[in-house]
Amino acid sequence: MLTSRPRGTADLLPGEVEKWQFLEGEFRSLCHDFGFGEVRTPVFEHTELFQRAVGESTDIVRKEMYTFKDRGGRSITLRPEGTAPTVRAYLQAKLYAEPQPTKLYYVCPIFRYERPQSGRLRQHHQFGVEMFGAAAAEADVEVIMVAWEFFRRLGLEGLIVHLNSIGCPTCRRAYRAALKDFFEPKAKDLCTDCRERLELNPLRVLDCKTEACQPYIQEAPVISGYLCDECRAHFEDVKSLLTQRKVKFVLDTRLVRGLDYYTRTVFEIRHPHLGAQNSVCSGGRYDGLVEECGGDPTPGVGFGMGVERLVEALEIEGVALPGRRSVDVYIAISEAGDRDMKNRGLDLLYALRERRISADMDYLGRSLKSQMKYAGKMKAKYVIIFGREELAGGEVVLRDMAQGRERRVSLSDVPGTLRASLDVGGTPWSNCQKPSG
RNA sequence: GUGGAUGUAGCUCAGCUGGUUAGAGCGCCAGGUUGUGGCCCUGGAGGCCGGGGGUUCGAGUCCCCUCAUUCACCCCA
């Protein structure tokens with residue numbers, strides 16, 4: 001217990017965490033390019049927020065929330081999705097009084113009590129964007145374009161955009177009734193889950209994977225035949241704007257989404273090689289949500305993207321991501337046991353660090369040979385070697401580990417010389433190891 | 001919540017039908033003479049064989065329970 005993490009959680013250690021830092025940086029700068037500003041909301045909220053916003057009939061609210069009473073007797077829930085807290089923050093800060101639309105993005109952990117499997121954790125992380133106050137199809141498309149452009153920049157290629165419209169409450173009511181009429185006579189032939197779905201949310205029968213249900217699903221009425229004129233026109237706009245942007249998508253009339261707040265556009269971006277949980281990014285429009293949360297009627301659209309799944313997809317495709325960062329300079333001392341020598345080493349070490357050169361040295365009392373081995377394993381670019389002999393002449397040996405060459409440099413020139421060498425071609429990620437294979 | 005698979009050194013695994021001090025490769029640490037890495041050689045440390053109970057003269061090997069990991073269902077990022 002003491003040495004094992006809770007089920008469905010993960011530790012990110014050096015070597016792995018650099019990938020996340022890189023992706024977060026890329027996502028932030030991309031969002032900035034699209035005019036989105038970052039929002040950071042609490043990890044927990046009042047339980048009522050999610051009950052209201054996500055919907056009582058959803059699996060999330062019914063069985064997946066981490067909910068507990070705090071010491072003041074308030075019911076608190078760890079954020080199971082990112083949209084509701086963002087809406088809450090939008091309303092609480094009265095961002096609707098600012099110039100519209102409001103464009104926000106976030107990078108945050110998400111908690112759901114589920115049985116872990118490939119691509120599913122109890123704590124996972126999402127990148128997300130939300131846009132409030134814009135009802136036009138251009139807004140739907142911009143949100144999809146954030147994800148699309150992100151994947152393009154990363155060099156991720158095998159993704160498929162699934163698109164559908166589930167209409168507004170009015171046309172959905174008609175469709176829902178049609179589905180019920182269609183399935184109810186056949187209810188005894190459907191799987192037990194679908195019989196339940198038929199009562200709770202008939203739309204979800206559509207994405208059942210049970211063999212027995214497939215023949216009926218194939219013949220079931222399609223949403224597009226039930227969209228009202230406005231919803232149909234909106235959906236046509238979304239599709240043509242996506243085409244104009246050269247985004248390839250597949251119309252998926254069985255894409256329904258498990259959250260109650262969606263209206264009109266819904267989409268999911270999947271990676272075919274991810275296993276059963278293959279949705280990397282999903283979202284849609286939620287024109288009634290702000291009002292549901294106590295605001296004025298305000299259109300909204302956004303997505304959430306699973307970072308763990310994104311990393312997995314990138315690795316499947318062999319996209320190179322930063323590896324463990326190494327130090328630039330290692331200081332190796334020959335008379336390691338000598339107190340005075342060690343102090344001279346420390347002086348140099350901190351002189352380098354003051355000049356923002358990443359540097360390290362031995363604290364374990366190792367032999368020079370061991371220090372060299374260690375520096376090699378740590379992938380240090382340079383090793384500074386010195387002992388009494390060099391210091392007597394005010395010099396040190398500067399060894400280039402990749403070249404295997406060394407030269408003498410006067411002690412006072414060391415930081416300047418290193419700074420100059422390291423600045424050549426130095427990107428922020430230049431001293432991360434590239435993944436091998 | 002349901003079902004399947006798996007749990008032996010830090011890592012990847014071997015341990016045949018139960019039988020003596022549980023092995024390998026890699027990794028780690030130290031050496032290979034006097035101040036220097038990556039190759040090579042030598043040596044060393046390191047294992048409640050996931051945990052508990054049972055069967056047996058004897059269990060890492062068989063049985064039960066439990067926990068964990070993992071994959072799938074439900075659902076979702």
Side-chain angles (χ1 to χ4, degrees), chain A residues 1 3-10 54 57-64 79-83 108-128 147 191-194 196-197 200-201 204 207-211 255-259 268-271 274-283 302-313 330-338 341 362 364-391 396-406:
Chain A
M1 271 306 173
T3 54
S4 66
R5 71 182 96 84
R7 185 150 212 215
T9 61
V54 180
S57 77
T58 61
D59 279 23
I60 289 179
V61 171
R62 294 202 308 154
K63 51 189 191 188
E64 294 175 359
R79 167 176 57 214
E81 60 99 50
T83 301
C108 69
I110 301 283
F111 305 85
R112 284 182 211 162
Y113 190 87
E114 300 183 274
R115 195 76 175 268
Q117 73 183 79
S118 180
R120 164 181 297 156
L121 294 163
R122 287 185 174 175
Q123 175 180 342
H124 76 278
H125 301 264
Q126 289 188 7
F127 296 158
C191 67
T192 52
D193 285 327
C194 281
E196 197 180 320
R197 291 185 186 112
L200 211 64
N201 185 352
R204 284 210 238 145
D207 62 1
C208 179
K209 286 151 202 149
T210 310
E211 279 297 327
L255 178 64
V256 292
R257 317 282 15 262
L259 286 73
E268 217 168 280
I269 304 179
R270 299 178 186 159
H271 195 281
L274 273 187
Q277 312 303 320
N278 63 3
S279 177
V280 175
C281 174
S282 71
F303 73 67
M305 182 185 300
V307 184
E308 286 84 354
R309 290 183 190 176
L310 171 65
V311 172
E312 186 61 30
Y330 193 82
I331 298 173
I333 305 170
S334 67
E335 284 83 7
D338 185 305
M341 279 296 114
D362 175 67
L364 300 184
R366 287 191 236 245
S367 66
L368 182 62
K369 183 191 179 93
S370 287
Q371 292 177 55
M372 292 302 297
K373 278 191 179 179
Y374 181 80
K377 279 177 215 160
M378 293 300 112
K379 304 271 198 315
K381 288 184 182 146
Y382 297 95
V383 173
I384 292 170
I385 306 161
F386 70 81
R388 283 188 205 296
E389 184 196 319
E390 287 81 2
L391 284 185
V396 297
V397 170
L398 179 60
R399 181 176 178 86
D400 179 324
M401 294 295 272
Q403 305 289 324
R405 284 202 297 258
E406 47 191 53

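Protein chains get the first letters and strands the later ones, always in sequence-line order, with residue 1 at the start of each.
Close to B/C29, at under 4.0 Å from its OP1 or OP2, lies a side-chain N or O of A/R366. For A/Q117, a side-chain nitrogen or oxygen approaches OP1 or OP2 of B/C73 to under 4.0 Å. For B/U36, neither phosphate oxygen OP1 nor OP2 lies less than 4.0 angstrom from any side-chain nitrogen or oxygen of A/S334. The phosphate of B/C74 has neither OP1 nor OP2 within less than 4.0 Å of any side-chain N or O from A/R115. Phosphate contact (OP1/OP2 of B/C71, side-chain N/O of A/S118, threshold under 4.0 Å): present. Within the structure, a side-chain polar atom (N or O) of A/R112 is placed less than 4.0 Å from OP1 or OP2 of B/A77. Residue A/S282 places at least one side-chain N or O closer than 4.0 Å to OP1 or OP2 of B/A77. When the side-chain nitrogen and oxygen atoms of A/K369 are compared with OP1 and OP2 of B/C29, none of them lie within a distance under 4.0 Å.
B/G46 and B/G4 have their C1' atoms separated by 35 Å, with the value rounded to a whole Å. The separation of B/U8 from B/A14, taken at their P atoms, amounts to 10 Å, rounded to a whole angstrom. Rounded to whole Å, the P atom of B/C16 lies 15 Å from the corresponding atom of B/A22. Taking atom P on both B/U33 and B/G38, the two are 14 Å apart, rounded to the nearest angstrom. For the C1' atoms, the distance linking B/U55 with B/U61 amounts to 14 Å, nearest Å. Comparing the P positions of B/G18 and B/C57 gives an interatomic distance of 15 Å, to the nearest angstrom.
Side-chain atoms of A/E390 and base atoms of B/G35 include a donor and an acceptor less than 3.5 Å apart. Residue-to-nucleotide contacts include a donor-acceptor pair under 3.5 Å from the side chain of A/E406 to the base of B/U36.
B/C13 is paired with B/G23 under the criterion used here, namely a Watson-Crick or G-U wobble arrangement in which both key atom distances are under 3.5 Å. The partner of B/A30, taking Watson-Crick or G-U wobble pairs whose two distances both stay under 3.5 Å, is B/U42. Within the shown strands, nothing qualifies as a pairing partner of B/G58 under the Watson-Crick or G-U definition with both distances less than 3.5 Å. Pair assignment for B/G1: B/C73, on the basis of Watson-Crick or G-U wobble contacts that are both within less than 3.5 Å. Within the shown strands, B/A68 is the pairing partner of B/U6 under the Watson-Crick or G-U definition, both distances less than 3.5 Å.
If you check every strand for non-hydrogen atoms under 4.0 Å, A/T58 touches nothing. No contact: A/E268 has no heavy atom under 4.0 Å from any strand. As judged by a 4.0 angstrom heavy-atom cut-off over every strand, A/G128 is placed among residues making no nucleic acid contact. Among the heavy atoms of the strands lying under 4.0 Å from A/E114 is at least one base atom, whether or not backbone atoms are also near. Within 4.0 Å (heavy atoms only), A/I60 reaches no atom of the nucleic acid at all. Contact annotation for A/G119: base contact, defined as any heavy-atom pair under 4.0 Å involving a base atom.
Put simply, the side chain of A/Q277 reaches to within 4.5 Å of the side chain of A/R309, judged on heavy atoms. Counting heavy atoms from C-beta on, the side chains of A/M305 and A/L310 come closer than 4.5 Å. For the pair A/M378 and A/Y330, the minimum side-chain heavy-atom distance is 4.5 Å or more.
By the criterion of a centre-to-centre distance under 5.5 Å and near-parallel planes under 30°, the ring of A/H125 forms no stack with the base of B/A77.
Remark: side-chain polar atoms of A/R112 are paired, donor with acceptor, to backbone N or O of A/P80 under 3.5 angstrom.
Atom-to-atom, NZ of A/K377 to P of B/C26 comes out at 14 Å; the value is rounded to the nearest Å. Regarding A/M378, its CE atom lies at a distance of 12 Å from the C1' atom of B/G37, rounded to whole Å. Atom CZ in A/F386 sits roughly 16 Å away from atom P in B/G35 (whole-Å rounding).
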Under 3.5 Å between N/O atoms: give me all the protein pairs with nucleotides 41-46 of chain B, atom names plus distance.
none

Salt bridge (charged side-chain N to carboxylate O under 4.0 Å, His left out), that's the test. Do A/R120 and A/E114 meet it? Break it down for me.
CA-CA 8 Å; A/R120 164 181 297 156; A/E114 300 183 274; 3.5 Å; yes
